[in-house]
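Below is one structure, written out as structure tokens, with a few remarks after it.
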Amino acid sequence: MSAGFRLRENVRLDARNTFGVAATAPMLVEVTDAVALPELFGYAMLRDGPVQVLGGGSNLLFAGNPPGAVLALNSQRIGTVDDDGHTTIIRADAGVVWHDFVLWTLGHGLCGLENLALIPGTVGAAPIQNIGAYGVEVREHIHAVEAFDRRNGRVVRFASSECEF
């Protein structure tokens, strides 16, 4: 395992999708630290080939083996970025299980996401899916989203208004 990621060949994906569909990734890249992404995308197979990003696997149905690398974002950090006594900004890594994140916020006395508890998936998938339940949508609670632009090899930041929910 290199710093921040692990590469594995011919990995079964049955346990990584909620339907348990049999599929094998020719290359599975498990990322535990997003700082490793620029190095990873220096490899031709990731920079130029097809890459499927895998979250919790709840919105995924394999119709066959993926044609290229599968990227699993497994980073698990959650922390407070800013707290002015009225508004708290939290940063959570893409690999954090969404329900665990909601429980973390509640455990720290932060309200607003409780209606989104038990939704399957990860923090990284939440803005893409614009998850919502019981009159609450995640877009109402997102300050910004950071993503890795593999073409430019750098992290880009989108304010909530730029996300086009």
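We number each residue from 1, following the sequence as shown. Just so you know, these numbers use all the heavy atoms, side chains as well, and skip hydrogens, waters and symmetry mates. Bear in mind that the values here come from a model prediction, so they are computed numbers and not experimental data.
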Considering all heavy atoms of both residues, which atom of [X] and which atom of [Y] are nearest to each other, and what is their separation?
X   : Y   : value
P66 : P26 : O-CD, 3.4 Å
A34 : P38 : O-CD, 4.0 Å
R12 : A22 : NH2-CB, 4.4 Å
V11 : R8  : CG1-NH2, 3.2 Å
A94 : S75 : N-OG, 4.1 Å

Stepwise side-chain contact (heavy atoms from CB on, under 4.5 Å) check, V31 with L40: CA-CA 9 Å; V31 180; L40 277 170; 3.6 Å; yes
What's the spacing between [X] [atom1] and [Y] [atom2] if we round to 0.5 Å?
X    : Y    : atom1 : atom2 : result
F19  : N59  : CZ    : CG    : 8.5 Å
N65  : T24  : CG    : OG1   : 5.0 Å
L28  : L71  : CG    : CG    : 8.5 Å
N130 : E140 : CG    : CD    : 8.5 Å
D82  : I90  : CG    : CD1   : 9.5 Å
R6   : T32  : CZ    : OG1   : 9.5 Å

Linked, directly or transitively: [X] and [Y] (ILVMFWY side chains, under 4.5 Å):
X    : Y    : answer
L54  : V97  : no
L106 : V136 : yes
L116 : I142 : yes
M27  : V70  : no
I119 : L60  : no

CA sep, side-chain torsions, deciding dist, call: Q76, D93, side-chain contact (heavy atoms from CB on, under 4.5 Å): CA-CA 6 Å; Q76 296 293 311; D93 285 346; 5.8 Å; no
List the atom pairs, donor and acceptor, that lie under 3.5 Å between side-chain atoms in residues 107-114 and the rest of the protein, sequence neighbours left out.
| from | atom 1 | to | atom 2 | distance (Å) |
| --- | --- | --- | --- | --- |
| H108 | ND1 | W104 | O | 2.8 |
| E114 | OE1 | G112 | N | 2.7 |

Determine, for [X] against [Y], whether the closest basic-nitrogen to carboxylate-oxygen distance falls under 4.0 angstrom.
X    : Y    : answer
R157 : E162 : no
E30  : R16  : yes
R151 : D149 : no

Enclosure of F165 CZ (heavy-atom neighbours >12, cutoff 6.0 Å):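 Atom CZ in F165 is packed in, count exceeds 12.
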Full working for side-chain contact (heavy atoms from CB on, under 4.5 Å) between W98 and T122: CA-CA 5 Å; W98 176 258; T122 61; 5.9 Å; no
Check: R154 main-chain N/O paired with N152 side-chain donor or acceptor under 3.5 Å: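 No: the side chain of N152 does not pair with the backbone of R154.
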N17 side chain vs L13 backbone, donor-acceptor pair below 3.5 Å: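 Answer holds: yes.
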Counterpart residues, salt bridge (charged side-chain N to carboxylate O under 4.0 Å, His left out), relative to D33 (two or more places apart):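 With neighbours one apart ignored, the set is R77.
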Sub-4.5 Å side-chain heavy-atom contact between V21 and D14: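 Contact flag for V21/D14 side chains = no.
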All pairs passing ring-ring contact (aromatic ring centres under 6.0 Å, His included) where residues 117-161 contributes a residue, at least two apart: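 Checked against ring-ring contact (aromatic ring centres under 6.0 Å, His included) - neighbours excluded - the pairs reaching residues 117-161 are F41-F148.
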